[in-house]
Amino acid sequence: MFGMMKNSLFGNTEETEYKLLSSEIKDGVSFEVRRYDGAKYAVVSSEGRSFDQVTGELVRKLLMYIGGSNEQAVAMGTAAPIIITVYPRNDGVLSRRLVVAIRIPTSYQQEPPTPSDTTITVEDRSGMTVYALRQFGGFAAESEYRAEALRLTRTLGETAPFQRKQYFCCSYDPPLKPYGRRNEVWFLQEEP
């Protein structure tokens with residue numbers, strides 16, 4: 001636990017790099033189209049509990065893993081964003097299934113430490129293109145992410161080629177940061 005807190009407060013945060021394909025403003029809403037390369041991510045998932053009930057627990061597990069709670073006891077530094085994959089129902093409410101992931105820092109991409117928590121896996125994720133709603137602040141909960149996702153859906157319209165069965169809720173800040181927080185909603189662009 002101390003490793004996680006030290007890592008969050010004093011460690012370097014490595015933000016996942018991307019290629020900006022476009023930056024747009026439509027109806028007063030700004031968003032970007034970004035391309036992320038494939039990479040290894042630490043991943044943990046949950047079914048049966050709501051977003052607000054379980055995200056804190058799952059994020060803590062991943063922060064502890066990169067903070068040194070792994071078989072090699074290596075504190076890797078921190079990475080951003082934490083990406084929470086959610087699966088909305090037709091009425092917009094999130095299902096009780098979610099997947100939380102954090103990119104393994106670059107210096108550990110080739111050989112990530114082995115998680116000591118068996119609920120955490122290391123996945124090789126392929127590259128992706130996303131529509132990213134420009135940042136919003138606060139300690140975002142399900143209601144804030146849903147509102148921002150609805151705003152991005154309306155902005156993009158019905159014809160934009162994005163996945164409607166899932167989207168990503170992203171947080172760039174450690175849990176202990178009290179203000180100036182950065183959150184985003186990403187929609188995965190469907191490949192032609």
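Both backbone and side-chain heavy atoms feed into the values below; hydrogens, waters and symmetry mates do not.
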For the pair Tyr36 and Tyr18, name the ring-plane relationship: parallel under 30°, tilted 30 to 60°, perpendicular over 60°.
tilted

How about CD on Glu71, more than 12 heavy atoms from neighbouring residues, nucleotides or ligands closer than 6.0 Å, or not?
yes

Sub-3.5 Å donor-acceptor pair from the side chain of Asn70 to the main-chain atoms of Ser116, do we have one?
no

Show the nearest heavy-atom pair for residues Gln110 and Lys40, with the distance to one decimal.
O-NZ, 3.9 Å

Counting only heavy atoms from other residues, nucleotides and ligands, does the tally under 6.0 Å from CG of Asp37 exceed 12?
no

Could Glu47 and Arg96 be called an ion pair, given the rule that one side-chain N must be under 4.0 Å from one carboxylate O?
no

Among Phe162, Phe31, Phe168, Tyr131, which residue meets the ring-ring contact (aromatic ring centres under 6.0 Å, His included) test with Phe187?
Phe162

Intermediate values then yes/no, side-chain contact (heavy atoms from CB on, under 4.5 Å), Asp27 and Thr155:
CA-CA 7 Å; Asp27 300 326; Thr155 301; 5.6 Å; no

Taking it one step at a time, do Glu184 and Glu148 satisfy side-chain contact (heavy atoms from CB on, under 4.5 Å)?
CA-CA 8 Å; Glu184 295 177 340; Glu148 296 300 324; over 6 Å; no

Path from Leu133 to Leu156 over hydrophobic side-chain contacts below 4.5 Å:
yes

More than 12 non-hydrogen atoms from neighbouring residues, nucleotides or ligands closer than 6.0 Å to CG on Asn90, yes or no?
no

Please check if the number of heavy atoms outside Arg154 that lie under 6.0 Å from its CZ is greater than 12.
no

Looking at Arg182 and Glu15, is any side-chain nitrogen of the basic one under 4.0 Å from a carboxylate oxygen of the acidic one?
yes

In short, Ser46 meets Leu58 closest at the heavy-atom pair CB-CD1, 3.7 Å

Hey, are the side chains of Gln189 and Val130 touching, using non-hydrogen atoms and a 4.5 Å cut-off?
no

What pair of heavy atoms forms the shortest contact from Arg134 to Ser23, and how long is it?
NH1-OG, 3.7 Å

Going by heavy atoms in the side chains, are Asp117 and Met64 under 4.5 Å from each other?
no

Which pair of heavy atoms, one from Tyr65 and one from Pro113, lies closest together, and at what distance?
OH-O, 2.5 Å

Take Arg34 and Glu17 through the salt bridge (charged side-chain N to carboxylate O under 4.0 Å, His left out) test and state the conclusion after the steps.
CA-CA 10 Å; Arg34 303 175 185 162; Glu17 292 182 8; over 6 Å; no

Taking all atoms of both residues into account, what is the closest heavy-atom pair of Ala101 and Val43, and its distance?
CB-CG2, 4.0 Å

Side-chain heavy-atom pair Ser171, Arg181 within 4.5 angstrom cut-off
yes

Verify whether the ring centers belonging to Tyr167 and Tyr87 lie closer than 6.0 Å.
no

